[in-house]
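What you see is a predicted model, and the numbers here were worked out from it, not measured in a lab. Atoms within a ligand are numbered from 1 in the order they appear, just like the ligands themselves.
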Amino acid sequence: MSKLCGTIKHISYEDSLKYLTSHPYILTTNLTAKSTPHSPVLISKTMFEKYHKDEVYNRSNRDIGVWQGSFLTAYLIGLALLSGISKLTKTLYFRSLGTRSLAKPSKFMLLLQKYISFPALFGYIHAKKFVIFGVQITFPTRMESLGIFGYCALYIIFATTHYFGISDNNFIYGKKKLELLRFIADRTGIMATVQLPILTLFALRNNFLLYLSGWSFSTFNAYHRSVSRMFYLSVIVHATVFHGYYLYNSSIASFFKADYYWSGVCAIGSFGIAIGAASFRHYFYDVFLIIHVVFVLLALVMAILHISDMGYIQAVYLTFAFWAMDWLLRFCNIMRINISLFSGRNNKIKSTRAEMSVVGDQIVMNIDTPLEWKVKPGQYVFVYIASLNPWECHPFSPITSDDSNHSFKLVTKIQNGLTKKLARRLAKSQSPATYKVAIEGPYGETAPVERYDSSILIAGGAGITGVLPYAEKLSKMDIQQHTQFIWTTRHLDSVKIISKPLQDIMASGRVEVKIYVSEESMPVLYNQNKEKVSSEVSSFSDSSTDLCDTILGSITFGARPDIPQLISSNFEQATGSIAILSCGPGDMMDSIREQICTDLDKVKNGRVEYFEHAFNW
Ligand SMILES: Cc1cc2nc3c(=O)[nH]c(=O)nc-3n(C[C@H](O)[C@H](O)[C@H](O)COP(=O)(O)OP(=O)(O)OC[C@H]3O[C@@H](n4cnc5c(N)ncnc54)[C@H](O)[C@@H]3O)c2cc1C
C-alpha cells in the first residue's frame with residue numbers, strides 16, 4: 001500500500017514515543033486552539049491509533065482504485081490473449097491433423113456460434129451504416145458486446161463497492177458523508193487514470209495486442225470506443241462528486257481557485273471534445289481524426305498538471321510512451337518502404353510513386369515502391385498523397401499488379417473526401433498521371449480459408465480488393481477445396497481493371513468464378529453470343545484489359561446474385577467444413593451474417609466460419 005500512495009511508515013505509538021524521548025525533542029503537551037506548536041505534539045495513544053487507522057483507510061481506499069483499474073486493464077488484455085490462445089490452438093490442431101476437415105462443433109459450440117459469435121448486438125446490423133439523429137452508430141458483434149458488457153459491469157461494480165473504514169468522527173474528513181464523497185471522487189478519478197494506457201493502446205496501429213490476439217483493428221476499435229465512454233463517465237462522476245464534496249465541506253471557493261481545478265476542467269473539456277468529435281466521424285473522417293488527436297493530446301497534458309501532486313502520473317507517462325512508440329514505428333515503416341538511398345527496387349526508383357487514372361467511379365493506382373512487395377490476403381496499407389493533403393492517410397487493400405514493374409495495385413471507390421478531390425485533379429490532368437505518394441503498412445491478418453473443405457468468397461463493388469487476393473492464393477494452392485468466388489459489381493469497367501488476375505484465377509481451374517454486372521445489360525456491349533459489338537461505352541481505354549471469353553462467360557449482366565439462397569444451398573449440399581469470406585457494402589455483409597446464422601444447422605459434417613474484411617471502422 002505504502003508504495004502506491006506515497007510513504008506511510010508503520011511505526012507504533014510506543015516506538016514513536018521511545019524515539020522522540022531518546023532524541024533531544026521537547027514534546028508539546030499544553031496545546032491551545034490558537035497556539036502554533038514549534039515542537040512535536042504529544043497526543044494520546046488512543047488518538048494516535050485512531051488517526052493512524054483513518055489514514056490507513058484513506059490510503060487503502062485510494063490504492064484499491066489502482067488495483068481495480070489495473071484489474072480492468074488485465075481483463076481487457078486477458079480477453080485479447082484468450083482469443084490469441086484459442087486461435088493458436090486451432091492452428092496447431094489443424095496442423096497436427098494434416099487435413100482440412102474441421103469437424104462439426106458440438107451442439108453447445110453451434111449454439112454459441114449461432115447466437116453469440118456470428119450475430120451483431122441487436123440482430124445482424126454490424127457493417128451497415130445505422131444513423132440515429134444524424135449520428136452514425138456502429139453496433140459491435142455480440143461476442144464483442146459480451147466482452148464490453150463484462151468490462152462495463154466490472155467498472156460499475158468496482159466504482160460503487162468496497163469502500164471501507166467509513167466512520168463519523170473521522171480525523172481527516174470529520175463526517176461520514178464527507179468521507180464517502182471523497183472516497184467515491186478519488187476512486188472514479190483513479191480508476192479512469194489507470195485506464196488511459198490501454199484505452200490509447202487499443203486505438204494504435206502498432207498495438208502489439210493485434211498480433212497476440214488475432215483480433216481485427218475494428219474489434220479493437222469497438223473496445224476503444226466503449227472503454228473511452230466508461231472512462232469519460234467515470235471522469236464526470238469524479239468531477240461531480242468532488243464539487244459535492246467541496247460544497248458540503250463549505251470550501252468550494254478555494255476549490256475553484258486551485259490549479260488542479262482548472263487543469264481538471266480543461267482535461268475534461270478536451271476529452272469531451274475528442275470523444276464528441278466521433279459523432280461526425282463518418283462524414284468528415286479526417287477532420288474528426290485531427291480534432292481527436294489534438295484534443296486527446298491536450299487532455300493528457302492537462303491530466304499531468306491535474307495529478308502532478310497526487311501520484312498516478314505513471315499511467316499518463318505510459319500512455320505517452322505507447323503513443324510515441326506507435327508514431328516512431330510508423331515513421332520507421334514509412335521510411336523503410338518509401339525511401340531508398342541507393343538503388344531502389346530493380347535499380348529504378350528511389351521513392352514511391354503512383355500512376356493513377358480514373359476508371360468509372362474508381363481510381364486505379366499502380367504503386368511502385370523501392371521495396372520489394374508481395375501482396376498477402378487480408379492486408380491493407382495507408383496511402384499519403386503529398387501534393388493533396390500530406391497529413392491525411394487513407395486505408396486501401398492492395399491487389400497484385402498485372403505488371404511486374406509495379407509493386408501492387410489499389411482500386412479505390414471515389415467517395416466524398418480525399419478520393420473525390422483526387423478524382424477531380426486527375427480529370428484535369430493527362431491520364432494516367434504520376435504522383436509521389438507514401439505507403440504505410442501493410443497491416444491486417446490473413447484469414448485461414450484454405451483450412452476448410454469448401455470456401456465461398458463474396459465481394460461487392462470495391463470490396464473485390466479485399467477478396468481477390470484470397471481467390472488468387474487459393475487458385476495457386478495444391479489443395480482439395482471447392483472454392484467459389486462471387487462478385488457483384490455495377491459496371492463492366494471494374495471487371496476490366498482486374499481482368500489479368502481474374503484470367504489467371506480462372507485458368508487455374510481451381511476456383512469457380514461468377515461475376516454479376518448489375519447495372520449494365522449485355523445487349524448494350526455484347527450481342528447474344530457475348531461477342532463484343534462496341535468498346536465506346538467503357539471509359540477504360542487500355543486495350544490490354546479487354547475481357548477474354550472465359551471472363552465474359554462467367555458474367556451475368558443486369559442481375560445480382562441471390563446471396564441468401566446461395567448460402568442456403570451451399571450449406572445444404574456441404575459435405576465438410578465451409579469458410580465464408582466477404583467484403584463489400586454493409587447491407588450485403590450483414591445479410592450474409594444473418595443467412596449464415598439462419599442456416600448454420602444445415603451443415604451436416606463440418607464447421608462453418610465467417611470472415612469479414614470490413615472497409616469501415
Ligand atoms: C481496412 C480498410 C481497407 C479498405 N480498402 C479499400 C479498398 O481497397 N478500396 C476502396 O475503395 N476503399 C477501401 N476502404 C475504404 C476507404 O478507406 C475509404 O473509402 C476512403 O478512405 C474514403 O476516403 P474519402 O476521404 O474520399 O471518404 P469520405 O467521403 O470522407 O468518407 C467515406 C467513408 O470512408 C471512411 N473514411 C474516410 N477516411 C477514412 C480513413 N482515413 N480511415 C478509415 N475510414 C475512412 C469514412 O468514415 C466514411 O465512412 C478501406 C477501408 C478500410 C478501413
| task | At a heavy-atom distance under 4.0 Å, which protein residues reach ligand 1? Sort them by chain and number, would you? | result | Arg281, His282, Tyr285, Tyr380, Cys393, His394, Pro395, Phe396, Ser397, Val411, Thr412, Lys413, Gln415, Asn416, Gly417, Leu418, Thr419, Ala462, Thr465, Ala614, Phe615, Trp617
| request: If a pair satisfies salt bridge (Lys or Arg N to Asp or Glu O under 4.0 Å) and one of its residues is in residues 288-297, list it, with sequence neighbours excluded. | output: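 The answer is none; no pair qualifies.
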| Any salt bridge (Lys or Arg N to Asp or Glu O under 4.0 Å) pairs touching residues 202-215, not counting sequence neighbours? |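 Non-adjacent pairs meeting salt bridge (Lys or Arg N to Asp or Glu O under 4.0 Å): Arg205-Glu440.
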| ring pair (Phe, Tyr, Trp, His ring centres under 6.0 Å) partner of Phe271, chosen from Tyr232, Phe231, Phe295 |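 Among Tyr232, Phe231, Phe295, the one that satisfies the ring pair (Phe, Tyr, Trp, His ring centres under 6.0 Å) with Phe271 is Phe231.
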| Under 3.5 Å donor-acceptor, Asn338 side chain and Ile334 backbone | yes
Side-chain atoms of residues 128-141: list all donor-acceptor pairs with protein atoms under 3.5 Å, sequence neighbours left out, distances to 0.1 Å.
from, atom 1, to, atom 2, distance (Å)
Gln136, NE2, His282, ND1, 3.1
Thr141, OG1, Glu144, N, 3.2

| Side chains of Gln379 and Ser397: donor-acceptor distance under 3.5 Å anywhere? | no
